[in-house]
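Notes follow once the structure below has been shown.
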Amino acid sequence: GDRCTFEVLLARTGQDDPALSAIAEIVHDIDLKDARFGRSETAGVAQFIAGIVATTADDEQRLLRGGAVLDALYAAFGGRRADDGIRR
């Protein structure tokens with residue numbers, strides 16, 4: 001439909017987390033290139049991801065580095081850290 005994979009995964013797992021929803025909006029606009037949500041962070045996150053792709057050929061390393069960016073975004077949007085006892 002009109003959602004990116006990340007949005008579908010959130011919906012299917014029943015996640016109701018504002019920090020994850022904010023990230024989903026950013027991922028949506030990067031992935032679908034439709035500026036549906038128009039978040040101010042989108043262009044910067046897209047540049048970070050482009051930089052990871054440009055400087056890292058190994059897919060596993062790309063995933064690790066990209067994951068670190070998303071973890072930082074999650075924390076910036078008020079998400080709880082992985083060691084807070086909440087399963088994700």
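Numbers here are sequence positions counted from 1. Note that this is a predicted model, so its numbers are computed, not measured.
No option in L20, D17, I26 other than I26 meets the side-chain contact (heavy atoms from CB on, under 4.5 Å) test with F77. When the options D29, D2, D31 are evaluated for a salt bridge (charged side-chain N to carboxylate O under 4.0 Å, His left out) with R36, the one that passes is D2.
A 6.0 Å sphere centred on CG of D58 holds more than 12 heavy atoms belonging to other residues, nucleotides or ligands. The number of heavy-atom neighbours closer than 6.0 Å to CZ of F48, taken from other residues, nucleotides and ligands shown, is 12 or below.
In this model, a donor atom of one side chain and an acceptor atom of the other lie less than 3.5 Å apart for H28 and D34.
A side-chain donor-acceptor contact under 3.5 Å links R62 to the backbone of V53. When atom types are taken as modelled, the side chain of E25 and the backbone of A22 share no donor-acceptor pair closer than 3.5 angstrom.
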> For Q61 and L64, what are the C-alpha separation, side-chain angles and deciding distance, and is it a side-chain contact (heavy atoms from CB on, under 4.5 Å)?
Replying inline: CA-CA 5 Å; Q61 286 301 310; L64 288 171; 3.7 Å; yes
>> Quick one, R39 with V45, criterion side-chain contact (heavy atoms from CB on, under 4.5 Å). Give me CA distance, side-chain angles, the key distance, then yes/no.
In response: CA-CA 10 Å; R39 295 192 65 98; V45 173; over 6 Å; no
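Looking at every heavy atom in both residues, C4 comes nearest to A24 through SG-O, 4.3 Å. Residues F6 and V27 approach most closely at CB-CG1, 4.0 Å, considering heavy atoms. Closest heavy-atom contact between A19 and G78: CB-C, 4.4 Å.
From L70, atom CG reaches atom CD1 of I49 across 6.0 Å, with rounding to the nearest 0.5 Å. Taken from CZ in R3 to CG in L9, the straight-line distance is 10.0 Å, to the nearest 0.5 Å.
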